[in-house]
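All of these numbers come straight from a predicted model, not from anything done at the bench. So you know, we letter chains A, B, ... as the sequences are listed, proteins then strands, and number each from 1.
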Amino acid sequence: MEQGAGVAERPEMPEAWPHTVADAEAEQERLRPFVDLADPGPETVRYVAGLDVAYEGQDEGDRLTAAVVVLDARTLDVVDQVVVRERARFPYVPGLFAFRELPPLLSALDRVRVTPELLVCDGYGLAHPRRFGLACHVGVLTGLPAIGVAKTAFVGRYEVPASERGAWAPIVERDEVVGRALRTRTGVKPVYVSQGHRIGLDNACRHVLRLTPEYRLPEPIRLADRLSRSGVPAA
DNA sequence: GCGACAG
DNA sequence: ATCTTGTCGC
């Protein structure tokens with residue numbers, strides 16, 4: 001997949017990858033205006049990609065394994081998968097982990113042969129201290145619609161949604177709806193969905209439910225997680 | 001000031 | 001993220 005295949009106005013890449021908290025936060029502030037939250041996004045897509053990264057510790061220099069799995073959105077069949085191993089260029093810092101996971105993820109996206117029309121990220125988008133989580137960041141840099149799906153709460157408050165699959169409750173912070181706690185499996189802890197880029201919250205949740213036929217996590221993320229841990233594409 | 005804190 | 005045994009339930 002070509003860096004920037006597809007669309008609109010995108011920012012210049014930073015001259016150097018940030019390596020301090022202050023620089024990283026400034027970069028988030030610089031890029032945040034490029035996020036498109038008004039675009040409702042595609043109703044249906046042909047190809048959807050799941051992104052995830054596995055690693056041993058929290059430090060800079062640790063070995064990271066990024067995985068991108070592209071699925072046929074209708075059948076959920078895997079049509080392409082890429083694994084990339086790189087050294088972390090940033091330590092794990094809550095609110096800044098895009099600076100840790102993004103480099104290998106972008107490398108992997110570069111090597112994907114089937115260009116996805118939607119990215120599903122492991123983490124948050126809008127539901128972020130500076131409204132610029134990983135899903136926003138990867139969306140802005142690639143120009144592709146992106147959704148954030150997280151496994152644990154980070155910012156904001158929410159009521160516990162009803163126990164049936166499909167039930168949800170808004171995640172609110174400072175009188176602002178930043179995402180949804182969405183039940184993907186009846187009787188199972190919800191996932192936390194937020195807009196990344198070029199997609200509406202309703203639509204994002206629709207896609208997440210459609211991509212979650214059996215497990216708590218959407219298939220694209222589940223498969224990317226499995227791939228990043230094994231480091232070897234399944235037979 | 002203190003704790004909490006996506007992965 | 002990763003470390004880790006058994007255990008409850010469909």
With pairs defined as Watson-Crick or G-U wobble and both distances under 3.5 angstrom, please note down DNA chain C as a dot-bracket string, | for pairing with another strand.
-> ..........

Under-4.0 Å salt bridge between R206(A) and D202(A) | no

I171(A) atom CD1 is separated from dA6(B) atom C1', nearest whole Å, by 11 Å

Base, sugar-phosphate alone, or nothing: which one does L96(A) contact when heavy atoms must sit under 4.0 Å apart?
-> base

How many Å lie between CD on E173(A) and P on dA6(B), as a whole number?
-> 14 Å

Show me the protein contacts with nucleotides 1-10 of chain C, counting only N or O atoms at under 3.5 Å.
unit_1 : atom_1 : unit_2  : atom_2 : d
dA1(C) : OP1    : R229(A) : NH2    : 3.4
dA1(C) : OP2    : K151(A) : NZ     : 3.1
dA1(C) : O3'    : Y55(A)  : O      : 3.3
dA1(C) : N1     : Q58(A)  : NE2    : 3.2
dA1(C) : N3     : Q58(A)  : NE2    : 3.4

Compare side-chain N and O positions of T152(A) against OP1 and OP2 of dG7(B) and report whether any pair is under 4.0 Å apart.
-> yes

Phosphate-side-chain proximity, Y92(A) and dA6(B), N/O vs OP1/OP2 below 4.0 Å = yes

Grab the CG-P distance between L134(A) and dG7(B) for me, whole Å please.
-> 11 Å

Under 4.0 angstrom, heavy atoms only, what part of the nucleic acid is G148(A) near: base, sugar-phosphate, or nothing?
-> nothing

From CG of L182(A) across to C1' of dA6(B) the rounded distance in Å is 17 Å

CZ of F90(A) versus P of dA6(B): gap in Å, rounded?
-> 15 Å

